[in-house]
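Heads up: the structure comes next, in structure tokens.
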Protein chains: 2
Amino acid sequence: MSDIIPASLRGRLSYVLGTLHRRALDLETEALAPLGIGVKQQAALDVLVDEGPMTQQRLGLRLGIDRTTIVTVVDGLQDAGLIERNRDPADRRAYLIVVTESGTAAQRRGRRLVRQAERELLGALTDEEHGTVTGLLARAVPERTPPDAPR
Amino acid sequence: MSDIIPASLRGRLSYVLGTLHRRALDLETEALAPLGIGVKQQAALDVLVDEGPMTQQRLGLRLGIDRTTIVTVVDGLQDAGLIERNRDPADRRAYLIVVTESGTAAQRRGRRLVRQAERELLGALTDEEHGTVTGLLARAVPERTPPDAPR
DNA sequence: TATTGTTATACTCTATAACTATA
DNA sequence: TATAGTTATAGAGTATAACAATA
């Protein structure tokens with residue numbers, strides 16, 4: 001049984017952002033399924049390819065993900081053969097996460113698939129509007145991750 | 001320890017939407033705290049004031065909230081004296097949720113507080129940009145709640 | 001037999017606490 | 001003593017299953 005969305009909620013940012021966020025996660029997750037990775041894992045690959053090898057904890061910090069949560073993310077990437085955990089010679093407590101060759105290929109493919117999912121998410125908008133909304137939202141996000149920022 | 005957000009994530013919709021959604025919830029929750037109600041409860045008041053008394057289940061459907069979850073939302077409103085549960089004479093299984101006088105006052109005040117929180121959320125944007133992004137996002141949200149739509 | 005409201009339960013996601021191995 | 005990674009555990013949020021009252 002479907003239902004028209006209440007007018008008062010269509011203007012409420014927490015509601016609209018929540019709805020679109022959930023839908024974005026669904027669409028991107030579905031898009032990435034062929035690669036066997038999730039949204040957070042694609043994000044991890046993106047950061048690693050952009051910025052080079054780093055420790056698990058640093059990666060988590062870059063993604064705004066707790067160090068206990070990043071473990072599973074990296075586990076999945078390792079199981080899929082997309083990254084390797086190399087002991088850091090300078091600090092044998094830490095791993096350096098290194099993207100493998102197939103990891104690099106997966107990152108490129110995943111990036112494309114995510115972009116398609118995003119186009120679908122904003123399918124009701126023109127390409128120009130898509131760019132406008134993405135740009136404005138990016139500007140609204142704080143420059144830096146809050147010091148305590150979990151998730 | 002703060003950290004600049006990775007460029008690859010600033011353009012990723014699931015990331016940007018998620019970040020802003022969490023922040024919107026935090027700001028709106030804080031803004032509504034003086035009223036002793038949460039974001040979902042303000043949304044419930046909005047719908048009830050706009051559309052008049054309805055059953056709990058119908059209210060949940062309007063909000064995209066499961067009928068087992070709406071119970072707590074309505075409980076809170078009732079405890080705060082903002083709504084009353086009246087048995088529906090036409091169907092004694094159901095309640096008609098009716099907004100009280102102080103509920104109507106709270107709704108008006110809450111609506112104002114939420115708008116302030118939204119302005120703060122998009123503080124980096126001009127008023128015009130604020131309107132643009134809100135309008136575009138509202139258009140990107142599906143017209144109707146999906147038939148199965150939980151949450 | 002089906003439906004409204006309710007409770008108990010389970011599941012997902014993520015953080016806190018505690019452990020190990022290094023530093 | 002402090003830190004990287006890990007595991008076990010707990011908490012928030014929300015769904016599924018089952019029940020009483022009513023249709």
Side-chain angles (χ1 to χ4, degrees), chain A residues 1 14-15 17-19 21-26 28-29 38-41 43-44 53-79 83-98 145-151, chain B residues 1 14-15 17-19 21-26 28-29 38-41 43-44 53-79 83-98 145-151:
Chain A
M1 192 197 310
S14 60
Y15 182 86
L17 289 170
T19 301
H21 177 224
R22 238 170 298 124
R23 187 135 179 275
L25 279 183
D26 288 347
E28 293 180 16
T29 301
V39 172
K40 278 201 287 272
Q41 283 159 344
M54 63 187 78
T55 66
Q56 248 182 234
Q57 204 150 164
R58 170 108 192 110
L59 178 61
L61 185 64
R62 297 298 287 144
L63 296 173
I65 291 176
D66 190 87
R67 67 173 176 156
T68 65
T69 307
I70 196 72
V71 176
T72 318
V73 176
V74 174
D75 279 351
L77 291 172
Q78 187 175 39
D79 291 348
I83 61 97
E84 280 175 8
R85 277 178 163 110
N86 296 339
R87 280 289 172 197
D88 184 344
D91 182 347
R92 295 184 45 73
R93 289 171 304 183
Y95 291 124
L96 281 182
I97 310 299
V98 180
T145 59
D148 58 332
R151 284 201 126 194
Chain B
M1 194 197 308
S14 59
Y15 181 85
L17 290 170
T19 301
H21 177 224
R22 237 169 299 124
R23 185 132 181 276
L25 280 182
D26 288 348
E28 293 180 16
T29 300
V39 172
K40 279 201 287 276
Q41 284 160 341
M54 64 187 77
T55 66
Q56 246 181 234
Q57 203 149 169
R58 171 104 192 112
L59 178 60
L61 185 65
R62 296 299 285 144
L63 296 174
I65 291 177
D66 190 87
R67 67 172 174 154
T68 64
T69 307
I70 196 73
V71 177
T72 317
V73 176
V74 175
D75 278 351
L77 290 172
Q78 189 175 38
D79 292 347
I83 61 98
E84 279 175 10
R85 278 176 163 110
N86 295 340
R87 281 287 172 197
D88 184 346
D91 182 349
R92 295 185 45 74
R93 291 172 304 183
Y95 290 124
L96 282 181
I97 310 299
V98 181
T145 59
D148 58 333
R151 283 201 125 194

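A note on names: the letters A, B, ... follow the listed sequences, proteins ahead of strands, and every chain is numbered from 1. Heavy-atom basis, side chains included; hydrogens, waters and symmetry copies ignored.
- Here the closest non-hydrogen pair linking B/Ala24 and A/Leu17 is CB-CD1, 4.1 Å.
- You'll find that the side chain of B/Thr55 is closest to C/dG5, out of C/dG5, D/dG5, D/dT14.
- One interatomic measurement links the two molecules: CE of A/Met54 to P of D/dA4, which rounds to 15 Å at whole-angstrom precision.
- In this structure, the OH atom of A/Tyr95 is 14 Å from the P atom of D/dA4, given to the nearest Å.
- Atom pair B/Arg85:CZ and C/dT6:C1' shows a separation of 9 Å (rounding to whole Å applied).
- Remark: B/Gln41 pairs with B/Ile37, B/Val73, B/Leu77 by the side chain to side chain contact (heavy atoms under 4.5 Å, CB included) rule, at least two apart or across chains.
- An angle of 20°, rounded to 10°, separates the two end axes of the helix from C/dT1-D/dA23 to C/dA23-D/dT1, each defined over five pairs.
- The interatomic distance linking B/His21 (NE2) with D/dA12 (C1') rounds to 14 Å, in whole Å.
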At a cut-off of 3.5 Å, list every protein nitrogen or oxygen paired with a nitrogen or oxygen from nucleotides 17-23 of chain D, distance to 0.1 Å.
{"unit_1": "D/dA23", "atom_1": "OP1", "unit_2": "B/Arg92", "atom_2": "N", "d": "2.8"}

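- Residues that satisfy the salt bridge (charged side-chain N to carboxylate O under 4.0 Å, His left out) test with A/Asp91, not counting sequence neighbours, are A/Arg93.
- Close to C/dT14, at under 4.0 Å from its OP1 or OP2, lies a side-chain N or O of A/Lys40.
- Computed from coordinates, the B/Asp66 CG to C/dT7 C1' distance equals 13 Å when rounded to whole Å.
- B/Gln57 has no side-chain polar atom (N or O) that falls below the 4.0 Å cut-off from OP1 or OP2 of C/dT3.
- Nearest heavy atom pair, residue B/Glu28 against residue A/Ser14, reads OE1-OG, 2.7 Å.
- D/dG5 atom P lies 12 Å from atom CD of A/Gln78, rounded to whole Å.
- The heavy-atom pair separating B/Ile97 from B/Thr55 by the smallest distance is CG1-C, 4.3 Å.
- Not counting sequence neighbours, A/Arg92 has no partner by the salt bridge (charged side-chain N to carboxylate O under 4.0 Å, His left out) test.
- The backbone N or O of B/Ile65 sits nowhere less than 3.5 Å from a side-chain atom of B/Thr69 that would complete a donor-acceptor pair.
- Spacing between atom CG of B/Leu59 and atom C1' of C/dT4 amounts to 14 Å, rounded to whole angstrom units.
- Put simply, CZ on B/Arg22 is 9 Å from P on C/dT14, counting in whole angstrom units.
- With sequence neighbours left out, the salt bridge (charged side-chain N to carboxylate O under 4.0 Å, His left out) criterion links A/Asp75 to A/Arg85.
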* **Pair B/Glu84-B/Gln78, side chain to side chain contact (heavy atoms under 4.5 Å, CB included): steps then yes or no** => CA-CA 6 Å; B/Glu84 279 175 10; B/Gln78 189 175 38; 5.9 Å; no
